[in-house]
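A note on names: the letters A, B, ... follow the listed sequences, proteins ahead of strands, and every chain is numbered from 1.
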Number of protein chains: 2
Amino acid sequence: MPRPSRWPDLVHAAGEEFRERGYDNATLESIGARVGILKGSVYNYVGSKEELLLAVVEQPARALLAELDRLRADTGSSVAMRLRELVHTQVRIFADYYPAAFVYLQHVGRFRSPAFAQFDDMDKDYIAAIESLLAEGVRTGEFSLAGEPAVAARAIVGMLDWMQHWFTPHGEEADARLADQLFALALGGLHAAGGVHGVTKGIGRTAAPVVPPGG
Amino acid sequence: MPRPSRWPDLVHAAGEEFRERGYDNATLESIGARVGILKGSVYNYVGSKEELLLAVVEQPARALLAELDRLRADTGSSVAMRLRELVHTQVRIFADYYPAAFVYLQHVGRFRSPAFAQFDDMDKDYIAAIESLLAEGVRTGEFSLAGEPAVAARAIVGMLDWMQHWFTPHGEEADARLADQLFALALGGLHAAGGVHGVTKGIGRTAAPVVPPGG
DNA sequence: CGTTGGCAAACGCCCGGTCGTTTCTGTCCG
DNA sequence: CGGACAGAAACGACCGGGCGTTTGCCAACG
């Protein structure tokens, strides 16, 4: 039996351990145990615990970054189609980088070390991009949003990012169906937020912005 | 100058510390420092660190539990109005119990100690209640949901619970406006998810459920 | 025989929790 | 008025365990 370097196994084991217990509660002993070695031996492959976290988080983060670039580059499709692409891609990332993507979400915005600052920045870029995407939809009249794009963007991001608490991959097809459902919910909310439905009549006339600029 | 017991101050300080650093990274020394005493003195008021977490999380949890009861008891109003009430109440809880409510959300579903098991149970009840609320809306024809109520419920919960990453209280009025926006987004998504909009045509015909029963 | 990679043990730090001691305050007597 | 006393509350040194990290040693292998 060939004995490949255990680095990838350790990263994978760390991802699962971080997801189940959280980075702080996960121990190198338990991570090592997953690949059948003791914690001291882990250091034959790993420089530090933080390096493991970085490795876990790196791949989904890069995938998300690529999606961000794609979203910004795409100016041809309608806003709805771009949003659909966004939702589908994010669900795909959850499935493909499971559970690493969940570890990323658990820690985003809370990274301490400067080595992770790029991820926090990326997160801000991501929400800003969605925000301006929605603003574009309003500007071009594709839908009419009574509220602020900042709120809608955060609602959509929340819907997607909260998936870490309930989503498990069920194959490409089922995951795509799920993405469709989420997309329909998101897009419908945008269309309806113009005040179509009677229940919202007379409310939501926003004078002052409700989300601070810093967000 | 009267010298009240420092228990409430300590709970408040702990709430802020837990929110900013996370429970694990927060130290009794830093919590004590916030009220001007050393960590040894903290134990004049506090039995353990976990007791502090319990105290922080208790009040917002009770408020949420009350909302859950209210939601279940209310069978007179329309599903939309009940959903509106739900959204408004949750935003109010965020504002009133800031930052304690955020600490609760950070830890919900991840509590280790049996003293916190009740909260995890409550969380499950909460999402189940929303799920059956949406199912009722479909049954009575108030809206037509092509997807599964389980998905829509989780999308709404995600939208609300993710607020921990961006919401800060801005006064009763502004917060209510924000709740209205969120409600409009949620309700619109439900109405539209029946397949009203052309973009969703031909997709989202769910044959197999996409969220496992255990969720 | 050198390299690889495993193990066991130890180190050092952090932090929750304990405890003997001090300091302050207010009250009760003489 | 003033000294004795009690209780509250703060201090700060210390303990013990957990865990990241280091180190020394040894077995297997080419």
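At least one side-chain heavy atom of A:Tyr126 sits under 4.5 Å from a side-chain heavy atom of A:Gln90. A heavy-atom distance below 4.5 Å is found between the side chains of A:Phe116 and A:Leu53.
Among residues two or more places apart in sequence or in another chain, the side-chain contact (heavy atoms from CB on, under 4.5 Å) test is passed with B:Ala13 by B:Ile31, B:Arg34, B:Val35.
Figure legend: cation-pi geometry between A:Lys124 and A:Phe119 absent, as NZ or CZ is not positioned both under 6.0 Å from the six-membered ring centre and within 45° of its axis.
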Using a 3.5 Å cut-off and no angle test, enumerate the donor-acceptor pairs between side-chain atoms of residues 57-72 of chain B and protein atoms at least two apart in sequence or in another chain.
unit_1, atom_1, unit_2, atom_2, d
B:Glu67, OE1, B:Arg70, NH1, 2.4
B:Glu67, OE1, B:Thr89, OG1, 3.3

Protein within reach of the bases, or only the backbone? For nucleotides 7-16 of chain C, mark each nucleotide 5' to 3' as B, S or -, using heavy atoms under 4.0 Å. BS------SB
